[in-house]
Amino acid sequence: MYDRIRQAILTGVLAPGARVPSARAMAIEAGVSRGTVDVAYARLSVEGFLVTRGAAGTFVTSPLPIPSRRAAAAPPEQPRLEPPARAALRPFQIGVPAVDAFPVATWSRLLGRHARRARAGDLARSDPGGDGALREAIAAHLAVSRGVVARAEQVMITGGYHGALGLIARALARPGDRAWFEDPGYARGRAALELAGLRLAAVPVDAEGLDVARGVALAPRARFVFVTPSHQMPLGMALSLPRRLALLAWARGAGAWVVEDDYDGEFQHASAPLPALKSLDDGDRVIYAGTFSKSMFPALRLGFLVVPDGARDALARAADLLHPAPPLAAQRAVADFLAEGHFARHVRRMRALYAERRGALARALEELASPHLQLDPGAGGLHLTARLTGARDGEVVERAALLGLAPAALSSYRVRASAGRPGGLLLGFAALPAPRARKAVERLALAIEQAREAPAGVSL
């Protein structure tokens, strides 16, 4: 006991000033008698390694009495890895809602409620498919807001959208399975699916969304389709009704699963939110994936699936092994946030706020931005898309980063690179207050000019 504690002090494992366990606690932990620990502590105190401070406890002496021996005994010191500093939100950053307008006090109250009400049974093991109250609340919410009629047992709670993708890949996919993927499409989702071993067919999108006929030509026996029908990521159009019906008809015939990512589906600026593709699914081939990252806040990391009966058992088995659902208190707080009407009120407020912020950014772009930037009239979502000429979008993004901005390059969302396809910028507005839009756009225009003036082939 004496040797172990002394060596821990000499090597820095126990730092100067650190509190050591009480003699009773150390005896229980080490499986020895209390008297053994008392003798070891007494010897260490006499030698100057430990100091007793009455009721406060026993501590490592600071400074150590023999630093030379510590230096000799200690192994070469490894650089200590500090956690990265939390990056501040920057103008045009996509994927981030107006966290400054989230009702934090209400959320904290609900979360605290369930932390205080935890029962002994809650500490044992939670349902891997998610808390029952949350599943019921989500089913009720979707029936009203998205036209999706589902039983609570068809809802599965996941660790965000990527948790949902991982669950689907583990439960339903085999390495080498073919899948349609929108081009351009969500880059991180594409990387996750490729990591799972799927072979993706890049299906182009146009003004009506995913080109279903082209998808059939490219991969007629695909096992999956990954699509953002309410608000295409990143271009913003909605999948037209003829395309929706054609996609569902093909999926029924091919026995394929259609994974509907309802990306930003709550936020349509030109009209009321479109019904989900799942609402038209009479063949039970659509797996609906939703998340609270944009409608509430990203750090929640809580998503969900609405699962057809034909896929439910396989997904339940995978969930039981992977246990993807977030902590129980957070799930129950979200259930209350939905059931008590806080979510609906928050979304209503956010629609008005986002319309204001979107309008401010659009006006600033029209008035101040470069003539080489042409705004697309996207119908919804939390970012604007602008076509770019005269400069590479990737280089503009690099120059903009040096000016404290965070636009995204459209080229990074393309599955197939092509020199003839126009570049563009994705400009998030949800976290950009309206009064700051003009200054942000002025800096963006400067970044575009710097990129255009850079010698060919030169990149930062």
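These values consider heavy atoms only, across backbone and side chains, with no hydrogens, waters or symmetry-generated copies.
- The closest side-chain donor-acceptor pair between Asp261 and Thr228, if any, does not fall under 3.5 angstrom.
- Counting only distance, with no hydrogens or angles, the side chain of Arg332 and the backbone of Ala133 share no donor-acceptor pair below 3.5 Å.
- When all heavy atoms are compared, the tightest approach of Leu302 to Thr291 is O-OG1, 3.4 Å.
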- [ ] Let me see the working for Asp320 and Arg317 under salt bridge (charged side-chain N to carboxylate O under 4.0 Å, His left out), right down to the final yes or no.
- [x] CA-CA 5 Å; Asp320 187 48; Arg317 285 193 298 270; over 6 Å; no

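- Counting non-hydrogen atoms of neighbouring residues, nucleotides and ligands closer than 6.0 angstrom, the CZ atom of Arg24 reaches no more than 12 such neighbours.
- Within the 4.5 Å cutoff, side-chain heavy atoms of Ile5 are placed close to those of Leu44.
- Atom-to-atom distance recorded for Leu134:CG and Ile157:CD1 is 4.0 Å, nearest 0.5 angstrom.
- Taken from CE in Met26 to CZ in Arg34, the straight-line distance is 12.0 Å, to the nearest 0.5 Å.
- Using a 4.5 Å heavy-atom cutoff, the side chains of Thr106 and Arg109 are in contact.
- No side-chain heavy atom of Leu198 sits less than 4.5 Å from a side-chain heavy atom of Arg174.
- For the pair Val51 and Thr58, the minimum side-chain heavy-atom distance is 4.5 Å or more.
- Formation of a donor-acceptor pair under 3.5 Å by the Asp183 side chain with backbone atoms of Val203 is not found in this model.
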- [ ] Show your working on side chain to side chain contact (heavy atoms under 4.5 Å, CB included) between Tyr186 and Tyr263 and close with a plain yes or no.
- [x] CA-CA 10 Å; Tyr186 178 42; Tyr263 178 77; 6.0 Å; no

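- In this structure, Met350 CE and Met296 CE are separated by 12.0 Å, a value rounded to the nearest 0.5 Å.
- The structure places CD of Gln331 at 8.5 Å from CG of Asp127, a figure rounded to the nearest 0.5 Å.
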- [ ] Check the pair Val258 / Phe224 against side chain to side chain contact (heavy atoms under 4.5 Å, CB included), numbers first and verdict last.
- [x] CA-CA 6 Å; Val258 177; Phe224 296 94; over 6 Å; no

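- Within 6.0 Å of the CZ atom in Arg151, the count of heavy atoms belonging to other residues, nucleotides or ligands exceeds 12.
- Salt-bridge check for Asp309 with Arg312: passed, with a basic side-chain N closer than 4.0 Å to an acidic carboxylate O.
- Scanning both residues, Arg178 and Ala201, for their nearest heavy atoms gives NH2-CB, 3.8 Å.
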- [ ] With side chain to side chain contact (heavy atoms under 4.5 Å, CB included) as the test, would you mind laying out the steps for Tyr2 and Glu47 before giving the verdict?
- [x] CA-CA 11 Å; Tyr2 162 83; Glu47 294 181 3; 2.7 Å; yes

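- Nearest heavy-atom pair across Ala409 and Ser412 is O-OG, 2.6 Å.
- When side chains are defined from C-beta on, Leu425 counts as touching Leu444, because their heavy atoms get closer than 4.5 Å.
- At least one donor-acceptor pair closer than 3.5 Å links the side chain of Asp281 to the backbone N or O of Val286.
- The backbone N or O of Ala406 lies less than 3.5 Å from no partner atom in the side chain of Arg90, so there is not a single donor-acceptor pair.
- Remark: the backbone N or O of Ile287 is not paired with any side-chain donor or acceptor of Glu260 at under 3.5 angstrom.
- Looking at Phe92 and Arg443, their side chains never come closer than 4.5 Å, going by heavy atoms from C-beta outward.
- What you find for Leu89 and Ala431 is that their closest heavy atoms are CD1-CB, 4.2 Å.
- Between Arg113 and Asp336 a salt bridge is recorded (basic side-chain N to carboxylate O distance below 4.0 Å).
- Between Phe297 and Trp107, the ring-plane angle classifies as perpendicular under the 30° and 60° cut-offs.
- By the 4.5 Å heavy-atom criterion applied to side chains, Pro184 and Val205 are counted as neighbours.
- Looking at His383, its side chain does come within 3.5 Å of a backbone N or O of Pro234 through a donor-acceptor pair.
- Under a 4.0 Å N-O distance rule, the pair Arg146/Asp262 qualifies as a salt bridge.
- Note that the CG atom of Leu384 and the CG atom of Leu373 stand 10.0 Å from one another [nearest 0.5 Å].
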Task: Worked verdict on Arg4 versus Ile9 for side chain to side chain contact (heavy atoms under 4.5 Å, CB included) - done: CA-CA 9 Å; Arg4 287 184 181 181; Ile9 294 172; over 6 Å; no

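- Side-chain atoms of Trp257 and Asp177, non-hydrogen and from C-beta on, never get closer than 4.5 Å to each other.
- Interatomic distance, CD of Gln450 versus CD of Glu398, reported as 12.0 Å (0.5 Å rounding).
- Judged by distance alone, the side chain of Thr36 and the main-chain N or O of Val32 form no donor-acceptor pair under 3.5 Å.
- A donor-acceptor pair shorter than 3.5 Å cannot be found between the side chains of Tyr288 and Gln154.
- The pair Lys439-Glu442 fails the salt-bridge criterion, with no side-chain N (NZ, NE, NH1 or NH2) lying under 4.0 Å from an Asp/Glu carboxylate O.
- Proximity of the aromatic rings of Phe292 and Phe304 is defined here by a centroid distance below 6.0 angstrom, and this criterion is met.
- The nearest pair of heavy atoms linking Leu305 to Ala289 is CD2-CB, 3.7 Å.
- A donor-acceptor pair is defined here as one N or O able to donate and one able to accept, closer than 3.5 Å; no such pair exists between the side chain of His141 and the backbone of Leu338.
- Remark: the backbone N or O of Ala219 is paired with a side-chain donor or acceptor of Trp180 at under 3.5 angstrom.
- For Phe337, the ring-ring contact (aromatic ring centres under 6.0 Å, His included) partners at least two apart in sequence or on another chain are Phe102, His342.
- Under a 3.5 Å cut-off, the side chain of Thr52 and the backbone N or O of Gly54 do not form any donor-acceptor pair.
- Summarising the geometry of Arg357 relative to Ala434, their closest heavy-atom pair is CG-N, 4.2 Å, with the distance given to 0.1 Å.
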